Visitor: 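Before we start, here is the structure in question, set down as structure tokens.
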2 protein chains.
Amino acid sequence: MSKARTSIVDIARAAGVSKSTVSLVLQGSPLVNEKTREKVSALINDLGYVYNRGAANLRQSKSKIIGIVVNDLTNSFFAELAVGVDMVVQSAGYVQFLAHSGESVDRQRQVIASMRENGIAGLILSPARGTEASDVKPLADSGIPVVVVVRNLPGAKVSTLLSDNYGGAKSAVRHLINLGHRRIAFMGGFADTAVSSDRVRGYRDALMEAGIALNQNFVIHSAPSRAGGATAAERMMFFDERPTAALCFNDAVAFGVCDGLRSNDIEPGKGFAVIGFDDVIEAKTAVPALTTVSVDPQGMGQRAAQLLMKQINAGQVDQETLVTSVRLVVRQSCGAPVRQTEELA
Amino acid sequence: MSKARTSIVDIARAAGVSKSTVSLVLQGSPLVNEKTREKVSALINDLGYVYNRGAANLRQSKSKIIGIVVNDLTNSFFAELAVGVDMVVQSAGYVQFLAHSGESVDRQRQVIASMRENGIAGLILSPARGTEASDVKPLADSGIPVVVVVRNLPGAKVSTLLSDNYGGAKSAVRHLINLGHRRIAFMGGFADTAVSSDRVRGYRDALMEAGIALNQNFVIHSAPSRAGGATAAERMMFFDERPTAALCFNDAVAFGVCDGLRSNDIEPGKGFAVIGFDDVIEAKTAVPALTTVSVDPQGMGQRAAQLLMKQINAGQVDQETLVTSVRLVVRQSCGAPVRQTEELA
DNA sequence: ACAGTTAATTGGAACGTTCCAAATATGTCA
DNA sequence: TGACATATTTGGAACGTTCCAATTAACTGT
């Protein structure tokens, strides 16, 4: 019942055919006679045979595993991204091999190495902070397609899928300006990431466009988490001239900012307008519902996976950079009167 | 640079030794001479050799992969569980192969099959609703250890790690009773899961213990999500005699209930006491901070992984059932005056 | 210099597949 | 019936490792 794995030749022996025939059956080849197929299939079931994909890969050296490593599984943005990837990967007959680096480059190196050893056909990577182009170079060099998502990796010869951070931030700030706000803050996120600097740039340009002078203090960095948002909001309370609205680095920060406002008896959406970034699932159901720049992580995962699949099938690693468009979803937290949606290029 | 994978024999040829020696080097055997080791190691780097674990497994038929499949990655409880598992799995030199079933038994069957084909050394499973014992039987039969977590799987010959749902619910309700509440509801969750029925049982017994008659209407089932919580709260609003407090199926539901209360101008923690279950990260930072039964998903993941590792190393599949203890974390949402913690067995 | 150890190294035979060329069976036509 | 085409089936040689038994090299002490 346990012990020795039953193999293709065990089946062959039992069915009185050759192992080649069994192999043919396994692959659903049309070459094999209907009767033999039935007999073999029955035996496969009865003997509890399980296909050894490792052995198969050994011979044909192309596996059906795609790897995905994310920097923070705990953040539901990435969890959803992974789910999106999983959808297309599964339906293409591949299986997903998900790992998380916990924002550590070392760990990331480890898991990538391990994935390589296990023969992945391609990799989707949301890099940990501080990842170097050299971390993915060996992959790309040995012809394994890599798609980098969410954060970019300058210098790496790989495809990249980013969201339109600049445009999204810009349109969010424009919206706030249209609503009459003049003192607008940017809250949360670390200054040293490309994602953050792109969003801040969009924020600045929107202000400039409207002829509003930039107040340097209004860019308040913090950890990109709910807790970070709360502390950022607390810090803002000490300003002589407080902002009346904020664009937040992401939704987690935005929720934290709401928490911080409430602790100071300010109701988000009434006394202060809050806009997030990402549109995680909770954004819709929170109270007040969060106005946010929708990135659709699941869709992004799907696109990334499609891009990867294309390259795997084409058998070549391209270096293509896609920017996915992004749209502002207006809900209650910005105090806008009506529910509307603004499309972006 | 790409094309043919360089193998152990390529290295051997280049170094002027036999493939056996290279293999020895790879395994860090003390049998090999220091000078040869160096030469070989250098070549391994230079030629960009990557170890083929598939081939190795083929020979020694014990892999270093452990599989984990969760029913909903999007729920941060499970994401954290996975992170916990990952921690111990990594440090044991194994790698994790995470998949999510999206609460579909079919998908779950697929991914489990796929993992089997890829030769996992063990499996951690948080089963999708409706999973049968027969779904894991073949695994267990072929000697692959399986640890079922979170939900139990009656009849399956596998180890199980559950949290003390009964005790946790009981102590939460006791707390509400001590606070003076008499009309207490149980909100959220589907009636047909063991987890739900255990919690409801704890809720009932606590009421009974206090001599409070059970009002059947006060058990309001709904989807175990934020949205589900909101609708449950809305439904409650139509009661003639409304509850003054609720134990919720999980934290997501609890947040939803808070949303629903607010839409009806009731402030959670003031006009109505809310207790959740799970203690997800957001529970601490939410406003009001959520009183909840802390399950520590990450710790649970770690314990599950340890249990699995033990079985893998022992080379036998036990059938052990562990119940992890659980503690009530009192925060603001139940309206308790002081911040305190109650330990449970 | 020789036997006796100990230290390093090494061929092959597995492991469970796939793939190819070749063999065999089956059918068709005149 | 013989010759050909077509439908099935089949041995073996890979694939990249590990493991074992066996070989060779390098030291001992006398």
Side-chain angles (χ1 to χ4, degrees), chain A residues 3-41 43-44 47-65 114 116-121 142-143, chain B residues 2-41 43-44 47-65 113-114 116-121 142-143:
Chain A
K3 282 293 85 113
R5 243 181 188 292
T6 86
S7 86
I8 216 179
V9 324
D10 297 319
I11 308 282
R13 198 166 11 236
V17 297
S18 80
K19 58 180 167 33
S20 306
T21 305
V22 179
S23 174
L24 256 12
V25 171
L26 251 16
Q27 305 172 247
S29 160
L31 259 41
V32 31
N33 181 296
E34 198 46 50
K35 276 187 67 179
T36 355
R37 178 195 310 287
E38 273 170 27
K39 185 167 50 175
V40 170
S41 304
L43 257 343
I44 285 178
L47 303 192
Y49 166 77
V50 359
Y51 185 74
N52 185 333
R53 206 167 286 274
N57 289 343
L58 189 52
R59 189 65 228 276
Q60 42 172 52
S61 92
K62 52 164 182 181
S63 85
K64 288 293 200 177
I65 302 180
S114 168
R116 249 189 119 190
E117 290 180 357
N118 285 109
I120 54 172
S142 59
Chain B
S2 68
K3 281 296 78 118
R5 243 181 188 292
T6 87
S7 86
I8 217 180
V9 324
D10 298 319
I11 308 282
R13 197 164 13 235
V17 297
S18 79
K19 59 181 166 35
S20 305
T21 305
V22 179
S23 173
L24 256 11
V25 171
L26 250 18
Q27 305 174 247
S29 160
L31 260 41
V32 32
N33 182 295
E34 199 45 51
K35 278 187 62 179
T36 1
R37 179 194 308 287
E38 273 169 26
K39 186 169 49 176
V40 171
S41 305
L43 257 344
I44 285 179
L47 303 192
Y49 166 76
V50 359
Y51 183 75
N52 185 333
R53 208 167 285 275
N57 289 344
L58 188 52
R59 190 65 228 277
Q60 41 173 53
S61 89
K62 52 165 181 182
S63 84
K64 289 292 200 176
I65 303 179
S114 169
R116 250 189 118 189
E117 290 180 358
N118 283 287
I120 54 173
S142 58

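Small disclaimer: the values here were computed from a predicted structure and weren't measured. Chain letters run A, B, ... following the sequence lines, proteins first, then strands; residues in each count from 1. All heavy atoms count here, side chains included; hydrogens, waters and symmetry mates do not.
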Visitor: Please give, in whole Å, the distance from C:dA14 P to B:Arg59 CZ?
Guide: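 It is 9 Å, rounded to the nearest whole Å.
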Visitor: Step by step, would you call A:Glu34 with A:Arg37 a salt bridge (Lys or Arg N to Asp or Glu O under 4.0 Å)?
Guide: CA-CA 5 Å; A:Glu34 198 46 50; A:Arg37 178 195 310 287; 3.7 Å; yes
Visitor: Just how far, in rounded Å, is C1' of C:dA8 from CZ of B:Arg37?
Guide: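 Interatomic distance, CZ of B:Arg37 to C1' of C:dA8: 12 Å.
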Visitor: Produce the list of close N/O pairs, under 3.5 Å, pairing protein atoms with atoms of nucleotides 8-10 of chain D; give distances to one decimal.
Guide:
from	atom 1	to	atom 2	distance (Å)
D:dT9	OP1	A:Thr36	OG1	2.8
D:dT9	OP2	A:Asn33	N	3.1
D:dT9	OP2	A:Thr36	OG1	3.4
D:dT10	OP2	A:Ser18	N	2.8
D:dT10	OP2	A:Ser18	OG	3.4
D:dT10	OP2	A:Thr21	OG1	2.7

Visitor: May I have the distance from B:Arg53 (atom CZ) to D:dC15 (atom C1'), rounded to whole angstrom?
Guide: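 For the pair B:Arg53 CZ and D:dC15 C1', the rounded distance is 18 Å.
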Visitor: Which heavy atom in A:Ala55 sits nearest to a heavy atom in B:Leu58, and how many Å separate them?
Guide: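 Here A:Ala55 and B:Leu58 meet closest at CB-CD1, 3.7 Å.
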Visitor: For B:Thr6 and B:Tyr49, work out which heavy atoms get closest and say how close.
Guide: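 Shortest heavy-atom contact: O-CD1, 3.2 Å.
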Visitor: Using a 4.0 Å heavy-atom cut-off across all strands, classify A:Val22 as base, sugar-phosphate, or nothing.
Guide: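 No contact at all - A:Val22 keeps every heavy atom at 4.0 Å or more from the nucleic acid.
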Visitor: A:Arg5 CZ to C:dC15 P: how many Å, rounded?
Guide: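 It works out to 13 Å between those atoms.
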Visitor: Whole-Å distance between C:dG16 P and A:Leu26 CG?
Guide: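 Those two atoms, CG and P, are 14 Å apart.
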Visitor: Are B:Leu47 and B:Ile11 packed together at the side-chain level, in the sense that at least one heavy-atom pair is separated by less than 4.5 angstrom?
Guide: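 Yes. Closest side-chain heavy atoms under 4.5 Å.
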Visitor: Please determine if a side-chain N or O atom of A:Gln60 lies less than 4.0 Å away from the OP1 or OP2 oxygen of C:dT17.
Guide: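 No, no such contact exists.
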Visitor: Check the pair A:Asn52, A:Ser7 against side chain to side chain contact (heavy atoms under 4.5 Å, CB included), reporting the backbone distance first and the verdict last.
Guide: CA-CA 8 Å; A:Asn52 185 333; A:Ser7 86; over 6 Å; no
Visitor: Which atoms form the tightest heavy-atom contact between A:Ala12 and A:Lys19, and what is the distance?
Guide: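 Looks like CB-N, 3.6 Å.
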Visitor: Mind calculating the distance between CD (B:Gln27) and C1' (C:dT9) to the nearest angstrom?
Guide: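 Whole-Å distance recorded here is 14 Å.
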Visitor: Please state how far atom CG in B:Asn52 lies from atom P in D:dC15, giving the value in whole angstrom units.
Guide: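 The answer, rounded to whole Å, is 12 Å.
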Visitor: Could you state the atom-to-atom distance from CG of B:Asp10 to P of D:dC15 in whole Å?
Guide: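 That distance rounds to 10 Å.
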